[in-house]
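It should be emphasised that the depicted structure is a prediction, and the values quoted were computed from it without experimental measurement. Just so it is clear: chains get the letters A, B, ... in the order the sequence lines come, proteins before strands, and each one is counted from 1.
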Amino acid sequence: IFVVNTVLKMYTVFGDLKSAQRLFDISPNLDIVSWNTLIDGYVKSGAIKLARSLFDKMGERNEITWTAMISGYAKTGSMDVAQSLFDRMPICRNPVTWNSMISGYAKCGLLSLARKLFDEMPFRNTASWNAMISSYAHNGEVELARSLFDKMQDKDVFSWSCMISGYAQNNRGRNALGLFKEMVQTRNGIRPNEVTLMSVLSVCGHLAALDQGKWIHAYIGRNKMRLSDNLGAALIDMYAKCGCVHTSVEIFWKLDHKNVSTWNALITGLAVNGLAHEALKTFEEMQRLKAKPNSITFLGVLMACCHGGLVEDGLRHFRSMSKNYDIQPEMKHYGCVVDLLARAGLLEEAQEMVRSMSMKPD
RNA sequence: UCACUAGACUGCG
C-alpha cells in the first residue's frame, strides 16, 4: 500500500490525474493516505469539484484531508467555503490549517481577517509568520511586513524570499537588493534558493542593475546551482532588460531544457530591445519545435510587432492566438495591438479594435 | 507514503 501511495503521489506531481485515478480505481487496498493524496492531486490541478466529491465520499477523514480541501478553496479565493469547512472541522486544527486560511484571506485583500487568525491561532510555526509577512506585502503594507520579519526568530529561506519579493512587489527594488545582500552576507546557514534568485534577478532587470545581475549569475555558477529552465528565464530576462540581449541569446541556446517561460523571456527580451524580426524568428522556431505558447508568448510577439511597426504581422498573430491556440486575448494584448495600430496612423482601425473587445476598455 | 508559507517571463501610461 506504501507503494501504491507513492506511485499515486508521483502521478499527481506530474499532473497525470488520469493515471492517478485509474490506479486508485484498480487498487484493492486503499487507506486514508491514498484518498488524501488523490484529493490533493485534484486540488493542485485546479479540479476542486472532483476533489470535493472524493472528500464527500470519504468515510473517515483526518486533519490532512480537511486541510488539503481547505487550502484548495483558500487558493481559489473561495473563502466562504473554506471558512465553513474550517468551522465544521471536527478534529484538531493544526498550524497548517490556520496558515492556509491566513493566506487565503490575504489573497482576497481581507488583511484584517488574516491578522485576526494569526493572532488567534494557538500555535504558530515559521510558515505562519511567513504567511503573515506576505499577507502584508501583498496588500501594500511593506513596513508592517518588515517589522514582523525583524521580530520573528528562526527565519528560513521562505522568510527571506517573502520579504525580498515583498519589497519587489511594492516598487522597493533597492530595498530588495539590500536585503538580499544582507542575506548572503549573514552567516546564518540560510542560502538563497532558486526562487529567491528569480525574484532578485527580476529586480535587477527592472532597475537595470547589470552589475548585481552579473553577480548573481556568477553566484549560481560558483555554488554549482542547477540552471533550471525557470532560473534560465530569469537570467535571460535580466540581461535583456539591462540591454545585453546578446547574452540572453547565448544563455538561451546553452540551456538544455526550455519551457514556455524561457521562450517568453527571450522573445520579450528581443522585442523590447527593438529586435522585432529576431523575436518573430524565435517565435517561429518555437512553433517548429512544437513548444506550446501561452498568453505571455503572444504578448511578446505583439510587443515585437509594435516596436517594429509590423502591422500585418501583428494582426495575423493576434488573430491566430485565439483561432489556432485557443488563447483568449486579454486587456494587455488589446492594449498592444491598439498601440500598434495607432502608431501606424490607423486610428479608425484602432477604434474598431477597442469596440470589438470582449471586456470594458481601461 | 499525504496537507500550510516565498516565485521569474506580464504591453503603453
In short, side-chain hydrogen bond (donor to acceptor under 3.5 Å, both in side chains) pairs touching residues 170-189 of chain A with sequence neighbours left out are E143(A)-R172(A)

For a quick check of understanding: with a heavy-atom distance under 4.0 Å over all strands, which category does H138(A) fall into, base, sugar-phosphate or nothing? sugar-phosphate

- Message: Taking E284(A) first and then K281(A), would you say they form a salt bridge - that is, a charged N and a carboxylate O separated by under 4.0 Å?
- Response: no

Q. Base, sugar-phosphate, or nothing: which does C336(A) touch, judged by heavy atoms less than 4.0 Å apart?
A. base

Check: So, R52(A) and Y73(A): side-chain donor and acceptor under 3.5 Å apart, yes or no?
Finding: yes

The first and last nucleotides of RNA chain B lying within contact of chain A, meaning any atom under 4.0 Å from one of its heavy atoms, run from U1(B) to G11(B)

Within the 4.0 Å heavy-atom criterion, would you say N94(A) contacts the bases, only the backbone, or no part of the nucleic acid? base

Is A68(A) touching bases, backbone alone, or none of the nucleic acid, heavy atoms closer than 4.0 Å?
sugar-phosphate

### Message
Quick test of your reading of the model: are K116(A) and E120(A) salt-bridged, counting only N-O distances below 4.0 Å?
### Response
yes

Residue set satisfying ring-ring contact (aromatic ring centres under 6.0 Å, His included) with Y325(A), at least two apart, ordered chain then number -> F298(A)

Notebook entry, point to check: Under 4.0 angstrom, heavy atoms only, what part of the nucleic acid is D237(A) near: base, sugar-phosphate, or nothing?
Noted result: sugar-phosphate

How about T297(A) and N294(A): does a side-chain donor come under 3.5 Å of a side-chain acceptor?
-> yes

| message | Applying a 4.0 Å non-hydrogen cut-off, can you work out what L299(A) is touching in the nucleic acid: base, sugar-phosphate, or nothing? | response | sugar-phosphate

Looking for any heavy atom pair under 4.0 Å, which part of the strands does K241(A) touch: base, sugar-phosphate only, or nothing? sugar-phosphate

**OP:** Would you indicate what K44(A) reaches in the nucleic acid, counting non-hydrogen atoms under 4.0 angstrom: base, sugar-phosphate, or nothing?
**Re:** sugar-phosphate

Classify the nucleic acid contact of K107(A) as base, sugar-phosphate or nothing, counting any heavy atom under 4.0 Å across all strands shown. nothing

